[in-house]
Amino acid sequence: MHEKIREELNTMKSRLRDRVDKLDLQRLEGKRPPLNANGEEQAQQLENEEVVEGLDEAALEQMAQIDVALAAIKAGTYGICVDCELPIAPARLQAVPFATRCIACANTAQS
């Protein structure tokens with residue numbers, strides 16, 4: 001029943017894994033360009049590195065969310081809100097296939 005969603009989640013996870021692996025490999029190989037002599041340019045380079053690190057962390061978090069969704073598919077609980085236990089709207093799952101909360105509960109959790 002959820003085979004298409006499972007495939008989509010696995011594809012998303014694979015793409016994220018590739019991105020994380022490339023970032024990690026660049027770090028390990030020391031491909032960081034040398035810092036420029038100019039203080040402003042150094043600050044910009046360091047800021048760019050922080051942005052890349054943030055993207056890496058976001059990708060890892062999204063991969064963890066995908067794992068939760070895949071486990072829910074396997075357990076037969078996919079598409080059920082973890083808070084109110086009502087079905088998550090299909091449009092929400094289409095937009096965010098790893099959503100674990102319905103819109104109402106997600107909004108409540110954010111506030």
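Keep in mind that this is a model prediction, so the values were computed, not measured.
Under a hydrophobic-cluster definition in which Ile, Leu, Val, Met, Phe, Trp and Tyr are linked whenever side-chain heavy atoms come within less than 4.5 Å, directly or via other members, Y78 and M63 are assigned to the same cluster. Placement of L70 and V20 within a single hydrophobic cluster is found when ILVMFWY residues are connected by side-chain heavy-atom separations under 4.5 Å, directly or transitively.
Remark: E3 CD to I73 CD1 distance equals 8.5 Å, nearest 0.5 Å. For the atom pair CD1 (I66) and CG (N10), the distance works out to 8.5 Å, reported to the nearest 0.5 Å. Considering CZ of R15 and CE of M12, their distance stands at 9.0 Å, rounded to 0.5 Å.
Nearest approach of C102 to C81, heavy atoms of both residues: N-SG, 3.4 Å. The shortest non-hydrogen separation linking L60 to R17 is CD2-NH2, 4.1 Å. For F98 against A69, the heavy-atom pair with the smallest separation is CA-CB, 3.8 Å.
In this structure, D18 does not pair ionically with K22, as no charged nitrogen and carboxylate oxygen lie closer than 4.0 Å. E7 and K4 are not joined by a salt bridge, as no carboxylate oxygen comes within less than 4.0 angstrom of a charged side-chain nitrogen. Under 4.0 Å is where a charged nitrogen must lie from a carboxylate oxygen, and between K13 and D67 at least one such pair does.
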Pairs of donor and acceptor atoms involving the side chains of residues 87-97, under 3.5 Å and at least two apart or interchain, shall be tabulated with distances.
from: R92; atom 1: NE; to: R101; atom 2: O; distance (Å): 2.7
from: R92; atom 1: NH2; to: R101; atom 2: O; distance (Å): 3.4

